[in-house]
Structures are given as C-alpha cells and as structure tokens.
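Just so it is clear, the structure is predicted and the values come from calculations on it, not from any experiment. Positions are given from 1, in the same order as the sequence printed here. Counting starts at 1 for both ligands and their atoms, in listed order.
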Amino acid sequence: MPSWTPVALAPDLLPATAMPARTELGELAVWRGASGRVSAFHDRCPHRGMRLSHGFVRGEMLSCIYHGWRYDGAGQCRKIPAHPDLEPPAAIRAGAVACTELGGVIWVAPAGTETLPSDPGAVEPLRSLPVAARIKAVRSALSFEEMGTVSLPGLLSPLTIALQDAGEQTMLHVLIPASDPAGRIAASRALEILRRDIEATAKETAA
Ligand code: FES
C-alpha cells in the first residue's frame, strides 16, 4: 500500500465541510476547518459509532451529527454537549490518520506517516472521476502505479493523474498543467473517452 493516497481535489472540499472517502485505510471522514486546514478520521464516532462524515464542522472542530461530540483536528474530543462542564478525558479520541494538501490534492496516510506525498509540480486541479474498474486494471491501462502523466489524443499537454483505490471502483484525481488553462474542456472530454476505454478493457479481461 502506498504511504499517501489521494482522496479529493482540494477545491472539492470547501471550508467548514466534511465528506466520506473510501481508501485502503478504510472508510474515512475527511473534513476542512473554517481556516482551511484539512483532517481525516476513521469514519466512526467513538461514542456510538455514527459516521463522522455525516457530521458538521464548527470552526476547527468536527461535530458528530448524533449527540454532538466535538473533535479537534488531531481527533481529541473537546466537547460533550450533554455534559457542558466536563473536560472530555484524553482517551476519547476519533481515529485520526495523517492528512495534508499538496499540489491541489488532499492526501491521507496511516497515522504517524512523516514523509510528504509526491509533489505533482506546476499543475492545477481539473476534476475527479470514478472509473468502474479495480485499481489493478487502471494501473495496467495507464502504465503507472500511484501517480503519473498521460498524453491523450487532442491535448497539447499531458495530464497528471493520482489514483485512489476505492474497492470496486477507482477514483482518478486529474491535474492539468498550470500553463494550459484553455485545455480544460478538451481535457474533460478526453477523460470521458479514457474512462470508457478503461472500463471496456476491464470488462473484457474479466469476461
Ligand atoms: S455517536 Fe457520535 S456523539 Fe454519539
């Protein structure tokens, strides 16, 4: 398993919102505080197991939608609304994993990972798209493992793609060279064709 895996393009997670993500680390709640800082937890509240990705963000804390327990970016529970005068014990923690934003992509890694993700360079987020094929088939079609570039017909510049293993499907998080903003529509069309080709090949291989 790679140390860092992409879960979203940065503009797709607005400040003060949370989203679910499926990765090799399991189901995650990825969220962004009002200041813009990103965090990710295993998608299970330590209280009664509610999905934290259903919660809402208040300032720099994620609040569980069920009983409102609030967690800071490191996962520490900071507030239990039913006991407003209680300082929550240190043992009450959401399962935080490493989470960072680099190159227009939000990445997660096992807790304690100290390296940084690979920097995709001078690129901008284009779009994320799901492909109905397992990551092995997508890797084989694109000829790289985690992140790489592809040159598609009709495009002046290659696109950078980071792959997220989401089980039955694979998410492609696509970046376009910052020098080629005019190519966004053509790139989006070319990606639809790429998606169809990969899905067709995967289906044939599985048959
Ligand atoms: S299940 Fe999350 S606060 Fe109760």
Nonpolar side-chain network containing Ile176, other nodes, edges under 4.5 Å: Leu126, Leu129, Val131, Ile135, Val138, Leu142, Phe144, Val150, Leu152, Leu155, Leu159, Ile161, Leu163, Leu172, Val174, Leu191, Leu194, Ile198
Below 30° counts as parallel, above 60° as perpendicular, anything between as tilted: where do the rings of Trp31 and Phe41 land? perpendicular
Report yes or no: do Met50 and Leu28 belong to one cluster of Ile/Leu/Val/Met/Phe/Trp/Tyr joined by side chain heavy-atom distances under 4.5 Å? no
Could you tell me whether Arg139 and Glu146 have a side-chain N and a carboxylate O separated by less than 4.0 Å? yes
Salt-bridge contact Arg127-Glu192 (side-chain N to carboxylate O under 4.0 Å): yes
Checking side-chain contact (heavy atoms from CB on, under 4.5 Å) for the pair Ser128/Asp12: CA distance, chi angles, key distance, verdict? CA-CA 9 Å; Ser128 297; Asp12 293 336; 4.1 Å; yes
Output, by chain and residue number, all protein N/O/S atoms separated from atom 4 (Fe) of ligand 1 by less than 2.8 Å. His47 ND1, His67 ND1
